[in-house]
Amino acid sequence: PAPVAAPAAAVAEPAPVAAPAAAVAKPAPAPLLCQQPGDILCAGNGFPELVLLPGGSFQMGSSQEEDDDSERPVHTVRVASFALGKYPVTQGQWKKVMGRNPSHFSNGGDECPVECVSWDDAQVFIQKLNQLTGHTYRLPSEAEWEYACRAGGTGQWCFGDDESQLTDYAWYAGNSGSKTHPAGEK
């Protein structure tokens, strides 16, 4: 499978966060309103766009011989509706929140996915993003991430099992030209 860029702050729960103990209280954030799966949610001002995904059940894991033993056995998992980042967090979004860009491939521009980010870095980013937007973001669970990546399919990839189609859907060592590309191009 293709490598995946770090999905920092990919999930949002539209419940407001208590204002930090500051001299001036922040106005209540605009609600992230959504009605139907597929609706786009946006905190605005260049913050991550989210897509509402319907809850459902899926077969989590893999029975492929080449996959890690931790992916077995395949089992049924149910997830509730959640919102996930439409794209990976970009270098520009990371800089806006954190004030710096940790990415190795930083010459591709602000629209490229941020990388070289640890789980701890992502937690700090999320905490700051929550403070800036007044919304509650978090990382997706492993089950939510796999559910979203499968996109309702049962194949090895969201588009099925035909590896020759991978170039149409993802950037990887074989087609990237050894550089990062703007989020959303594939």
Side-chain angles (χ1 to χ4, degrees), residues 1-15 32-43 47-91 93-94 103 105 111-119 121-123 125-126 129 135-176 180-186:
V4 178
V11 178
E13 297 169 4
L32 293 174
L33 298 176
C34 56
Q35 302 296 321
Q36 301 294 321
D39 281 357
I40 303 295
L41 314 168
C42 184
F47 294 115
E49 284 186 354
L50 306 167
V51 178
L52 180 63
L53 300 178
S57 297
F58 74 107
Q59 295 297 302
M60 184 172 175
S62 175
S63 60
Q64 302 288 322
E65 282 296 316
E66 65 271 8
D67 289 338
D68 189 271
D69 286 342
S70 68
E71 296 293 318
R72 291 190 277 283
V74 174
H75 55 287
T76 302
V77 173
R78 174 142 182 83
V79 296
S81 294
F82 63 101
L84 185 72
K86 184 175 179 181
Y87 304 112
V89 171
T90 66
Q91 293 178 29
Q93 290 166 336
W94 189 273
S103 300
F105 297 102
E111 297 306 312
C112 291
V114 70
E115 22 88 15
C116 296
V117 173
S118 71
W119 182 89
D121 295 335
Q123 295 304 314
F125 174 85
I126 290 167
L129 182 64
H135 297 291
T136 303
Y137 292 82
R138 62 176 175 81
L139 290 175
S141 69
E142 182 179 2
E144 288 169 333
W145 182 251
E146 187 168 334
Y147 178 76
C149 290
R150 288 189 177 278
T154 58
Q156 186 170 4
W157 294 287
C158 63
F159 55 84
D161 291 319
D162 184 357
E163 190 170 347
S164 70
Q165 293 182 342
L166 192 55
T167 298
D168 297 335
Y169 292 90
W171 293 112
Y172 60 99
N175 72 346
S176 67
T180 190
H181 292 266
E185 282 190 349
K186 294 211 180 230

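Computed from heavy atoms alone, side chains included, the values below leave out hydrogens, waters and symmetry copies. It should be emphasised that the depicted structure is a prediction, and the values quoted were computed from it without experimental measurement. For reference, positions follow the sequence shown, starting with 1.
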- prompt: Backbone N or O of V79 within a donor-acceptor pair of the E144 side chain at under 3.5 Å?
  reply: no
- request: Hey, can you tell me if H181 and W171 have their rings parallel, tilted or perpendicular (30° and 60° cut-offs)?
  value: parallel
message: As a quick check of understanding, evaluate side chain to side chain contact (heavy atoms under 4.5 Å, CB included) for V74 and M60, giving each step before the final call.
response: CA-CA 6 Å; V74 174; M60 184 172 175; over 6 Å; no
- prompt: CG of L129 to NE2 of H135: how many Å apart, nearest 0.5 Å?
  reply: 9.5 Å
message: Regarding S57 and Y147, do their side chains bring together a donor and an acceptor under 3.5 Å, going by distance alone?
response: no
Partner residues of R78 under the salt bridge (Lys or Arg N to Asp or Glu O under 4.0 Å) criterion, sequence neighbours left out: none
query: Could you go step by step and tell me if T154 and F58 meet the side chain to side chain contact (heavy atoms under 4.5 Å, CB included) rule?
result: CA-CA 8 Å; T154 58; F58 74 107; over 6 Å; no
message: Could you check whether any side-chain N or O of Q91 sits under 3.5 Å from a backbone N or O of P113, counting only pairs where one atom can act as donor and the other as acceptor?
response: yes
message: For D121 versus C116, what's the shortest heavy-atom pair and its separation?
response: OD2-O, 4.1 Å
- prompt: Has the side chain of N175 got a donor or acceptor atom that lies under 3.5 Å from a matching backbone atom of D168?
  reply: no
task: Heavy atoms only: give me the nearest A183-T90 pair and the separation to one decimal.
output: CB-CG2, 4.2 Å
statement: In short, A148 meets L84 closest at the heavy-atom pair CB-CD2, 3.3 Å
- prompt: Taking only residues two or more places apart in sequence or in another chain, which ones pass ring pair (Phe, Tyr, Trp, His ring centres under 6.0 Å) with Y169?
  reply: F159
Interatomic spacing from CD in Q93 to CZ in F125 - rounded to 0.5 Å: 6.5 Å
task: Working to the nearest 0.5 Å, report the span between CZ of F82 and CZ of R138.
output: 8.0 Å
message: Looking at every non-hydrogen atom in both residues, tell me the closest pair between V117 and A122 and how far apart they are.
response: CG1-N, 3.9 Å
Spacing of CH2 belonging to W94 relative to OG belonging to S103, to within rounding of 0.5 Å: 9.0 Å
query: Just wondering, more than 12 heavy atoms not from E185 lying within 6.0 Å of its CD?
result: yes
task: Identify the heavy atoms of W145 and P140 that sit nearest to each other, and give their distance.
output: CE3-CG, 3.9 Å
field: Pairs meeting criterion salt bridge (Lys or Arg N to Asp or Glu O under 4.0 Å) with involvement of residues 148-164, two or more places apart
entry: E146-R150
- prompt: Which heavy-atom pair separates C158 from A151 by the least distance, and what is that distance?
  reply: CB-CB, 4.0 Å
